[in-house]
Undergrad: 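I have a structure I would like to understand better, so I am pasting it below and will then ask my questions one at a time.
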Amino acid sequence: MLDISDSQKIGLGLAGFGVAFLMLGVMLFFDRGLLAIGNILFLSGLTFIIGFRRTFFFFFQRHKWKASAAFFTGFLVVFIGYPLIGMMIEIWGFILLFRGFLPIAVSFLRRIPILGSILNLPIISKIADKLGGDAYRSMV
């Protein structure tokens, strides 16, 4: 079993609540308040999970400056009051930031029984292949 510290457990809870608030904000037609709270909770959860220093170095690496700028610009635009535009910018930055992790995540999600069947539907499969790259590339 994985051995995680108490701060990492708190971080998982914060990140989970952040994702829940983000999904709720999107379902309620881009509610600005819920999206802002979700963003804050997600980032604070990420900081608790991997630590402040590693979070800082993750976002501010030289080759990720465009992705980080898009992510934080979208974050700021949501706070200013344009949630739809802000979330589009933020999602673009998120995809650019986690580009290396997406093939592994898509490959893992395809192995889950019900979700795997959904990801193998014709239209969704094309999108998942584009996001995740080659499904067999990350297999060992």
Side-chain angles (χ1 to χ4, degrees):
M1 184 97 190
L2 245 53
D3 188 33
I4 59 175
S5 68
D6 288 339
S7 66
Q8 289 174 328
K9 290 176 187 175
I10 293 169
L12 284 172
L14 288 172
F17 277 117
V19 169
F21 274 97
L22 285 169
M23 288 179 10
L24 190 60
V26 169
M27 287 190 314
L28 293 174
F29 303 110
F30 293 95
D31 182 55
R32 181 174 69 178
L34 290 173
L35 291 175
I37 290 170
N39 282 330
I40 291 170
L41 288 174
F42 179 76
L43 281 179
S44 62
L46 183 66
T47 303
F48 269 90
I49 292 171
I50 65 174
F52 181 77
R53 183 182 176 123
R54 289 178 70 189
T55 303
F56 180 80
F57 285 123
F58 174 76
F59 281 109
F60 296 107
Q61 293 175 9
R62 189 176 299 272
H63 65 279
K64 291 185 178 181
W65 71 271
K66 288 180 184 179
S68 295
F71 183 77
F72 288 115
T73 301
F75 193 83
L76 184 65
V77 170
V78 168
F79 277 120
I80 290 174
Y82 299 99
L84 183 62
I85 297 168
M87 285 305 292
M88 289 190 315
I89 296 169
E90 196 171 336
I91 288 171
W92 177 250
F94 186 84
I95 290 172
L96 290 177
L97 277 171
F98 293 99
R99 184 185 321 184
F101 178 70
L102 285 176
I104 297 167
V106 169
S107 175
F108 172 76
L109 291 174
R110 283 190 170 164
R111 292 186 185 128
I112 296 174
I114 296 172
L115 199 55
S117 325
I118 294 171
L119 286 176
N120 287 327
L121 291 173
I123 295 173
I124 298 173
S125 177
K126 289 179 183 179
I127 296 170
D129 288 342
K130 268 238 195 263
L131 278 177
D134 187 12
Y136 301 102
R137 183 177 73 190
S138 61
M139 287 187 172
V140 177

Undergrad: With Phe30, which residues qualify under ring pair (Phe, Tyr, Trp, His ring centres under 6.0 Å), at least two apart?
TA: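 Phe30: no ring pair (Phe, Tyr, Trp, His ring centres under 6.0 Å) contacts found.
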Undergrad: If hydrophobic clusters are built by linking Ile, Leu, Val, Met, Phe, Trp and Tyr wherever their side-chain heavy atoms come under 4.5 Å apart, do Phe94 and Leu22 end up in the same one?
TA: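 Per the 4.5 Å side-chain linkage, Phe94 and Leu22 are not co-clustered.
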Undergrad: Can you name the residues that form a side chain to side chain donor-acceptor pair (under 3.5 Å) with Ser5, not counting sequence neighbours?
TA: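 Ser5 satisfies side chain to side chain donor-acceptor pair (under 3.5 Å) with Ser7 once adjacent residues are dropped.
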Undergrad: Atom CD1 in Ile112, atom OG in Ser117: separation rounded to 0.5 Å?
TA: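 Output value for this atom pair is 11.0 Å.
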Undergrad: Answer with yes or no whether the hydrophobic clustering places Ile127 together with Ile118; edges join I, L, V, M, F, W, Y residues whose side-chain heavy atoms lie under 4.5 Å apart.
TA: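 Shared cluster, no.
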Undergrad: Can you list every pair that meets side-chain hydrogen bond (donor to acceptor under 3.5 Å, both in side chains) and has a residue in residues 9-38, with sequence neighbours left out?
TA: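 Found none.
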Undergrad: Which residues satisfy the side-chain contact (heavy atoms from CB on, under 4.5 Å) test with Leu24, sequence neighbours excluded?
TA: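 Result, side-chain contact (heavy atoms from CB on, under 4.5 Å) vs Leu24: Met27, Leu28, Leu34.
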Undergrad: Write out all pairs satisfying side-chain hydrogen bond (donor to acceptor under 3.5 Å, both in side chains) with one or both partners inside residues 56-81, taking only residues at least two apart or from two chains.
TA: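 Output for this query lists Gln61-His63.
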Undergrad: Tell me, please, which residues at least two apart from Phe52 pass ring pair (Phe, Tyr, Trp, His ring centres under 6.0 Å).
TA: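 Ring pair (Phe, Tyr, Trp, His ring centres under 6.0 Å) check on Phe52 returns nothing, list empty.
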Undergrad: Quick check: is Met87 connected to Phe79 through a chain of hydrophobic side chains (ILVMFWY, heavy atoms under 4.5 Å apart)?
TA: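 Phe79 does not cluster with Met87.
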Undergrad: Connecting only ILVMFWY residues whose side-chain heavy atoms lie within less than 4.5 Å of each other, what is the rest of Leu96's hydrophobic cluster?
TA: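 Members alongside Leu96: Trp92.
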Undergrad: Sequence neighbours excluded, which residues qualify as ring pair (Phe, Tyr, Trp, His ring centres under 6.0 Å) partners of Phe101?
TA: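 Scan of Phe101 (ring pair (Phe, Tyr, Trp, His ring centres under 6.0 Å), adjacent residues dropped) gives none.
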Undergrad: For Phe60, I'd like to know if atom CZ has over 12 heavy atoms of other residues, nucleotides or ligands within 6.0 Å.
TA: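 Counting neighbours around CZ of Phe60, more than 12 heavy atoms of other residues, nucleotides or ligands fall under 6.0 Å, so yes.
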Undergrad: Who pairs with Phe108 by ring pair (Phe, Tyr, Trp, His ring centres under 6.0 Å), at least two apart in sequence or on another chain?
TA: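 With neighbours one apart ignored, the set is empty.
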Undergrad: In residues 35-51, what donor-acceptor pairs under 3.5 Å come from side-chain atoms, sequence neighbours left out?
TA:
unit_1	atom_1	unit_2	atom_2	d
Asn39	ND2	Leu35	O	3.3
Asn39	ND2	Glu90	OE1	3.2
Ser44	OG	Ile40	O	3.0
Ser44	OG	Leu41	O	3.0
Thr47	OG1	Leu43	O	2.8

Undergrad: What pairs with Ile80 under side-chain contact (heavy atoms from CB on, under 4.5 Å), at least two apart in sequence or on another chain?
TA: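 Once residues adjacent in sequence are excluded, the partners of Ile80 under the side-chain contact (heavy atoms from CB on, under 4.5 Å) criterion are Leu76, Tyr82.
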Undergrad: Which heavy atom in Ala70 sits nearest to a heavy atom in Gly93, and how many Å separate them?
TA: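 The answer is CB-CA, 3.8 Å.
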Undergrad: Determine whether Phe98 and Met23 fall in the same hydrophobic cluster, where Ile, Leu, Val, Met, Phe, Trp and Tyr are linked whenever their side-chain heavy atoms lie under 4.5 Å apart.
TA: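 Yes, same cluster.
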Undergrad: With rounding to the nearest 0.5 Å, note down the distance linking CZ in Phe71 to CD1 in Ile89.
TA: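 Result: 12.5 Å between the selected atoms.
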Undergrad: So which heavy atom on Ala128 is nearest to which on Leu119, and how close?
TA: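 Scanning both residues, the minimum pair turns out to be CB-CD2, 4.2 Å.
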Undergrad: Give a yes or no on whether Val19 and Phe21 share a hydrophobic cluster (residues Ile, Leu, Val, Met, Phe, Trp, Tyr; joining criterion: side-chain heavy atoms under 4.5 Å apart).
TA: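 No, because Val19 and Phe21 fall into different hydrophobic clusters, even though each may have its own neighbours under 4.5 Å.
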Undergrad: Taking only residues at least two apart or on different chains, which pairs with a member in residues 48-60 satisfy side-chain hydrogen bond (donor to acceptor under 3.5 Å, both in side chains)?
TA: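 Every candidate side-chain hydrogen bond (donor to acceptor under 3.5 Å, both in side chains) pair involving residues 48-60 fails, so no pair, neighbours aside, qualifies.
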